2 protein chains.
Amino acid sequence: MTQTRPYHHGNLRQAVLDRAAVVLRERGAAGLSLRELSADVGVSHAAPRRHFADRQALLDAVAADGFARLGTRLREAVDAHPRYADRLRAAATAYLDFGLTEANLVELMFAHQRGAGGAQVRQGATDAFEPLLDVFRHGRQEGVVADGDAERLGLLLVATVQGITNLVACGVVPAAEAGALLDAAVGRFPGAGA
Amino acid sequence: MTQTRPYHHGNLRQAVLDRAAVVLRERGAAGLSLRELSADVGVSHAAPRRHFADRQALLDAVAADGFARLGTRLREAVDAHPRYADRLRAAATAYLDFGLTEANLVELMFAHQRGAGGAQVRQGATDAFEPLLDVFRHGRQEGVVADGDAERLGLLLVATVQGITNLVACGVVPAAEAGALLDAAVGRFPGAGA
DNA sequence: ACCTGAACACCGTTCAAGT
DNA sequence: ACCTGAACACCGTTCAAGT
């Protein structure tokens, strides 16, 4: 029977990040408060300072986490299919799904990176998009993508799907139309079939 | 010689919006504070309440203003050219220019609309994009756009350019590459030429 | 090494009161 | 009608102090 211990669990950093993910989903990035997260997690308001230098550092960590998760999803989607056209569609669909179910997270991930931690977030983004570039590199081997076009097509796919996600998230396009819009967009890429 | 008047100028609402535009450019939406704007404009911190019910209402008004300005730019770009292909390129370029010079504003405009004022902002967005739909309606008359594709192509153009703007704003794509990426994107639209 | 608790300067929001 | 000034409950950030 130990008395209520004044010190916290082994991994305060992860506990704060986990709680932040929940609050982010419910109320968006503007609703993330270090003081509230600290209280939720049962620690004094200044405790997270050991793990996050300031509020922006917490947001950066959440964003970097988001890109890591997105990258994993994209990799899984691409690896699930052997052929270029299927990989393209699967990757685009996985991205849109992620954007629709995690709208607040994606908004945070793609927010303007102002602080010192921006470099880390940008690197996370670049890594996450690597599977998409691989799709077009693979397409080049199949002969449907021209030499030297892989990177540009990859960025164009990211931009297009991100744009659709953004339009849905901000309410300009109904979520029900997102799929049709994505099909039309993907269909315009080289070698996508019909 | 009147003494220092306790009351403010004729249009506090516009004065606050003007000052908000400056602060937004310098520090982003997170840096907008009703108290600071009030002080900047020489009024008590509670005075803007007559014109903006709360902070979100101010952000909504700034966003709606932004869409109105974007709509004007797009209309001018489209009207400057008689032919479909030129209109398409001019509109896309005008959008990207706006996004690069007003990155913080665009981020605010396309942020998730949570409150009651969201409907007003969404309507502003829809109105602003109207010139782009007109481009494709015009393309249908020239015979390069298929029947019933105008709206979908318009949303696709918005999504694509918005996505490129977003990637540049968050630092994933260097601003210097944005033009080439936009050219590649626009060139994939029907009837855009080479 | 990790956390607490007080302190400071800021917020948004509300509301009675002034002119 | 429009604005002020005090009040309240929140913030982020800093820092001496505890274990």
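Computed from a predicted model, the values in this text were never measured in an experiment.
The minimum heavy-atom distance between B:Leu156 and A:Ile164, with the atom names listed, is CD1-CD1, 4.4 Å. Residues A:Gly31 and A:Val23 come closest through the heavy atom pair O-CG1, 3.7 Å. The two residues A:Ala159 and B:Thr160 come nearest to each other via the heavy atoms CB-O, 4.2 Å.
Separating the CG atom in A:Leu74 from the CZ atom in A:Phe67 is a distance of 10.5 Å, to the nearest 0.5 Å. The line from CZ of B:Arg55 to OG of B:Ser33 is 8.0 Å long, rounded to the nearest 0.5 Å.
Atoms CG (B:Leu58) and C1' (C:dT13) sit 15 Å apart, rounded to a whole Å. Counting to the nearest Å, the C1' atom of C:dT14 and the CG atom of B:Leu34 are 14 Å from each other. Summarising the geometry, the separation between CZ on B:Arg27 and C1' on C:dC10 is reported as 12 Å, rounded to the nearest angstrom. Atom CD of B:Gln56 is separated from atom P of C:dC11 by 18 Å (rounded to the nearest Å). As a whole-Å value, the separation of A:Glu36 CD from D:dG12 C1' is 14 Å. Atom-to-atom, CZ of B:Arg13 to C1' of D:dC3 comes out at 17 Å; the value is rounded to the nearest Å. The nearest whole Å value for the distance from the CG atom in A:Leu37 to the C1' atom in D:dC11 is 12 Å.
Near DNA chain C, meaning a heavy atom under 4.0 Å from it, residues 45-54 of chain A has A:His45, A:Ala46, A:Ala47, A:Arg50, A:His51 in order of number.
Within the nucleic acid shown, B:Arg35 comes within 4.0 Å of at least one base atom, counting heavy atoms only.
Remark: DNA chain D takes part in the stems C:4-8 with D:12-16, C:12-16 with D:4-8, each of 3 or more antiparallel Watson-Crick or G-U pairs, criterion distances under 3.5 Å.
Ion pairing between a basic and an acidic side chain is recognised when a charged N comes within 4.0 Å of a carboxylate O; B:Arg49 and B:Asp54 show no such pairing. A salt bridge is defined here as a Lys NZ or Arg NE, NH1 or NH2 lying under 4.0 Å from an Asp or Glu carboxylate O, and B:Glu142 with B:Arg137 fails to meet this definition. A salt bridge links B:Arg83 and B:Asp86; the closest N-O separation between the charged side-chain nitrogens and carboxylate oxygens is under 4.0 Å.
Listed nucleotides: C:dC3, D:dG12, C:dG12. Nearest to the side chain of B:Ser33: C:dG12.
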With a 3.5 Å cut-off and sequence neighbours excluded, list the donor-acceptor pairs that the side chains of residues 94-102 of chain A form with protein atoms.
unit_1: A:Tyr95; atom_1: OH; unit_2: A:Gln162; atom_2: OE1; d: 3.1
unit_1: A:Thr101; atom_1: OG1; unit_2: A:Asp97; atom_2: O; d: 2.9
unit_1: A:Thr101; atom_1: OG1; unit_2: A:Phe98; atom_2: O; d: 3.4
unit_1: A:Glu102; atom_1: OE1; unit_2: A:Arg25; atom_2: NH1; d: 3.1
unit_1: A:Glu102; atom_1: OE2; unit_2: A:Arg25; atom_2: NH1; d: 2.8
unit_1: A:Glu102; atom_1: OE2; unit_2: A:Arg69; atom_2: NH2; d: 2.7

